Protein chains: 4
Amino acid sequence: MDCSFNMKPRWERRKDARPQELLAAALDLFVERGFASTRLEDVAKRAGVSKGTLYLYFTNKEELFKAVVRNSVVPAIDAAEEDIAGFSGHSAELLRRVVHGWWDRMGKTNASGIIKLVMAEAGNFPDLAKFYQEEVIVRGTRAMATMLDRAVARGEFRPIDINVMTQVLVAPVLMLMTWKHSVGPCAHDQLDPTAFIDAFLDMALNGLLPPPAVQP
Amino acid sequence: MDCSFNMKPRWERRKDARPQELLAAALDLFVERGFASTRLEDVAKRAGVSKGTLYLYFTNKEELFKAVVRNSVVPAIDAAEEDIAGFSGHSAELLRRVVHGWWDRMGKTNASGIIKLVMAEAGNFPDLAKFYQEEVIVRGTRAMATMLDRAVARGEFRPIDINVMTQVLVAPVLMLMTWKHSVGPCAHDQLDPTAFIDAFLDMALNGLLPPPAVQP
Amino acid sequence: MDCSFNMKPRWERRKDARPQELLAAALDLFVERGFASTRLEDVAKRAGVSKGTLYLYFTNKEELFKAVVRNSVVPAIDAAEEDIAGFSGHSAELLRRVVHGWWDRMGKTNASGIIKLVMAEAGNFPDLAKFYQEEVIVRGTRAMATMLDRAVARGEFRPIDINVMTQVLVAPVLMLMTWKHSVGPCAHDQLDPTAFIDAFLDMALNGLLPPPAVQP
Amino acid sequence: MDCSFNMKPRWERRKDARPQELLAAALDLFVERGFASTRLEDVAKRAGVSKGTLYLYFTNKEELFKAVVRNSVVPAIDAAEEDIAGFSGHSAELLRRVVHGWWDRMGKTNASGIIKLVMAEAGNFPDLAKFYQEEVIVRGTRAMATMLDRAVARGEFRPIDINVMTQVLVAPVLMLMTWKHSVGPCAHDQLDPTAFIDAFLDMALNGLLPPPAVQP
DNA sequence: AATGAATGAGTATTCATTCAT
DNA sequence: TATGAATGAATACTCATTCAT
């Protein structure tokens, strides 16, 4: 008995899936090895196609990388922007929600390894650095700043220098992402991401909330 | 009578100065390009010698890198350990002093770019990762943990999970160092390191100091 | 209409023929220059391909060498073993046949130059020495010893120390091969290989055959 | 108490010994590694001097090699020529004496490894090949031919083609020398040089002596 | 669409030789 | 004499990209 009667032939079934398979393979390898050290042949092999096929979908290595970023990092930014725009509660809760959402949507996936690679290879590939700067960093920073603006405006956070505090709040999360994909795996004491985030949020909110009003 | 016609010799014999010149050149290039992408020929050229000369002083690329780390990063760790061991005041002041010292001794120099490179290329060069882990990360983490221990023991910081908080406190400084040598230079709004550190310390100390005792 | 203007393509796709062309080129150059001094780029050039192409077929220089040996020397050993196993006449005739066969199949080709290279570079490339020892020397020696065993057992040669005589009989042929590819070409009196082999066989058989039975 | 009172200072004591020490070191390394692969720095180190010193005594690598040959190989040729010229007994005895003398004076020393190296690297260093051809091969061959001439002229050997038989008789000894410095050391069954030479002489003389006169 | 053979620029490392001291 | 620091040409191997099939 032939069970394959309604199976589409392999090439057709896969036609639309190809780019996604390549992007997934590329993300994994870029994060593991970095941009320059990732061999396109390995990307193709991991996606189950030949080197030539990769070039049918992506003009060159840089374009492949940009597609990976658009596919895995940018959506997380979109989501964060929506979170912030649609939220109406207390800003402390919003900060918690944004940071946790960021970690859940990006940190836990391999997408969190991209930032490490960008930071390390920005100097060698200025085009990629510029692209990432514009598509990710500027937008991400703006979202965080918007959130702090709101918090201060509503009197929910102490008055602070928004621009600087944006960086301060973003730093630990970026570091956690970077850590996870670099020395983390070979560190002696493993770092628990959730504990890290909670401790950080705890400290930050302690430090940001206005002092309790003094009772007369 | 001077017959020398102001001719420069083909090369100059400078045995003692060479290693430092080479280490300085190597640090600059490693930080700018990363480990794998730095060409030893460029290191030599920047130090004003030929490729072969470099090999008179360093066995190979990995040993050159280790020498760079020992020369530029390890001394900063030494200094931090001494700071902590010899301090007798309030822990808030100690934290401030350590973080500022760290930035002044390392952050402001190119040595701060090393961490970026290690994080990015640890996977590709396991020997280097192990070396850095042992010589720098373990010692640095231990120093910070020691400081927090002291702070909590003296009742100067709230009770906290030392290990996690160590990471949380270290993260922003590492990030600042990384940032400075990667996307920082091409970012639209420049980040002021001192403002960043002050804001971070302010927030952290607000978050870490024990609540003021309530007056009866 | 022919628009091709007789343009040659940048390269030709010849997957099946390539390895043999590369092996032939490699044999020639290895014999001419030795293992260490043969440049893979020259091998590729002689085979009409680029350096990179060579690496599509052979992992590295050592594997290329092994492939050359398997391709040009080992078959001659196989043939000699078969000659000996299938022969049923007088051992003097067998010795003649084996030595002549050896010369015809190997000596006359460039394969005879391999032994020179192995002897000279064994110390520098222990892996190659081991490989050659196992694949060629052991088998070749065993074949010659088998032949002498048979000869003595059948009373066709005088009783002799098989192991030592094996070496003694092999030596002149190896030397002839070595000679041909080294100082031979620049010697003043050219050496005629056939005359050499005949003189050697003549002398050897005179020395090996048992004394004629004395008439009573 | 100073016991060194009649010791010459080191530099003076060694002054004349230097070239000999360098030649000895060079012989060892050339034989072990070959001409191209021998590093002059290693030669100098083994002789206990610096690289620069070597150049005070020998213009370059090729001249060093020639000096080695003149120092270690040529004297053996001289001795063989004298042996032959001064001998008055039976030619079988002379052949034995020459072969054994050759082995004792050269074969047992590292000088026997030179021939291996010449054969292997003749193609890459034509000047060296030419030098060796003229200084060693031509003279050695002439000596052996002289001996055979004498043997046949005196009716002590059967009539033979002198030129060819010269090569045939020389071949096993050359091979033994080559073997000793190449695959010999890593061969499974060690080859006993004396047994080899005896077996070879035995076979050769059996094959060369005239048939015993038939009794009427 | 898909393949994979072919290309060739790029780089760490070695070593004979030179020469200032 | 003697040293050893400095040089730079030389070579195995890699990999992004192209293109005939």
Side-chain angles (χ1 to χ4, degrees), chain A residues 10-12 14-15 18 35-45 48-62 64, chain B residues 8-18 36-44 48-62 64, chain C residues 8-18 36-45 47-62 64, chain D residues 10-12 14-15 18 35-45 48-62 64:
Chain A
R10 211 162 51 138
W11 62 266
E12 193 182 339
R14 294 219 165 180
K15 202 166 70 170
R18 275 285 147 73
F35 181 76
S37 298
T38 291
R39 299 165 50 208
L40 291 193
E41 179 152 26
D42 289 341
V43 173
K45 199 180 297 166
V49 300
S50 75
K51 223 180 344 176
T53 302
L54 199 156
Y55 279 87
L56 294 176
Y57 294 99
F58 305 98
T59 332
N60 56 34
K61 207 181 187 181
E62 297 216 347
L64 173 62
Chain B
K8 278 192 195 160
R10 265 208 305 159
W11 40 263
E12 218 182 330
R13 180 176 280 239
R14 316 195 28 166
K15 180 168 186 184
D16 294 338
R18 287 278 185 255
S37 298
T38 291
R39 295 169 50 216
L40 290 193
E41 180 152 23
D42 289 342
V43 173
V49 300
S50 77
K51 224 179 342 177
T53 300
L54 199 156
Y55 282 89
L56 293 178
Y57 297 97
F58 304 97
T59 324
N60 55 35
K61 206 180 184 181
E62 296 218 347
L64 173 62
Chain C
K8 279 190 195 161
R10 262 208 308 161
W11 38 266
E12 218 181 330
R13 180 178 280 240
R14 319 195 26 170
K15 179 171 187 183
D16 295 338
R18 285 281 185 255
S37 298
T38 291
R39 295 169 49 216
L40 290 193
E41 179 152 23
D42 289 341
V43 173
K45 201 179 296 168
V49 299
S50 76
K51 220 181 341 177
T53 301
L54 200 157
Y55 282 89
L56 293 177
Y57 297 97
F58 305 97
T59 322
N60 55 36
K61 206 180 187 182
E62 296 218 347
L64 174 62
Chain D
R10 210 160 53 135
W11 62 267
E12 193 180 341
R14 295 218 165 179
K15 201 167 69 168
R18 277 284 148 75
F35 180 76
S37 298
T38 291
R39 298 167 49 208
L40 290 192
E41 179 152 26
D42 289 341
V43 173
K45 198 180 300 169
V49 300
S50 76
K51 223 176 351 172
T53 303
L54 199 154
Y55 280 87
L56 294 176
Y57 294 100
F58 306 97
T59 332
N60 55 34
K61 207 180 186 182
E62 297 217 348
L64 173 62

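The structure presented is a predicted model; accordingly, all values stated were derived computationally and were not measured.
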Kindly point out which of [options] is positioned nearest to the side chain of [X]?
X: B:Tyr57; options: F:dC13, F:dA5, E:dA6; answer: F:dA5
X: C:Arg39; options: E:dT3, F:dA12, E:dT17; answer: F:dA12
X: A:Leu56; options: F:dT7, F:dT1, E:dA2; answer: E:dA2

Whole angstrom value for the distance that separates [atom2] of [N] from [atom1] of [X]:
X: A:Leu40; N: E:dT3; atom1: CG; atom2: C1'; result: 16 Å
X: C:Leu64; N: F:dA12; atom1: CG; atom2: P; result: 11 Å
X: D:Asp42; N: E:dT14; atom1: CG; atom2: P; result: 12 Å
X: C:Tyr55; N: E:dA9; atom1: OH; atom2: C1'; result: 15 Å
X: C:Lys45; N: F:dT11; atom1: NZ; atom2: P; result: 10 Å
X: C:Lys51; N: F:dT14; atom1: NZ; atom2: P; result: 12 Å
X: D:Glu41; N: F:dT3; atom1: CD; atom2: P; result: 13 Å

Base F:dT17 to side chain A:Lys61, donor-acceptor N/O within 3.5 Å cut-off: no

Taking only the side-chain nitrogens and oxygens of C:Thr53, find out if one of them lies under 4.0 Å from OP1 or OP2 of E:dT7. yes

Closest to the 5' end of DNA chain E, once A:Leu54 and D:Thr38 are matched to their nearest nucleotides, is A:Leu54

Pairing pattern in dot-bracket form [Watson-Crick, G-U; both distances under 3.5 Å; | = partner strand] for DNA chain E: .||||||||||||||||||||

Distance col, row A:Leu64:CG vs A:Tyr57:OH, nearest 0.5 angstrom, shows 13.5 Å

Please list every donor-acceptor pair under 3.5 Å in which a side-chain atom of residues 38-45 of chain D meets a protein atom from a residue at least two apart or in another chain.
unit_1: D:Thr38; atom_1: OG1; unit_2: D:Leu29; atom_2: O; d: 3.1
unit_1: D:Thr38; atom_1: OG1; unit_2: D:Gly34; atom_2: O; d: 2.6
unit_1: D:Asp42; atom_1: OD2; unit_2: D:Arg33; atom_2: NH1; d: 3.0

Residue list, side-chain hydrogen bond (donor to acceptor under 3.5 Å, both in side chains) with D:Thr59, at least two apart or on another chain: none

Base, sugar-phosphate or nothing for D:Thr59? Non-hydrogen atoms, less than 4.0 Å. nothing

For C:Ser37, report the nucleic acid contact type (base, sugar-phosphate, nothing); a contact means any heavy atom under 4.0 Å. nothing

Testing the basics here: between D:Lys61 and D:Phe35, what is the closest heavy-atom pair and its distance to 0.1 Å? NZ-O, 2.9 Å

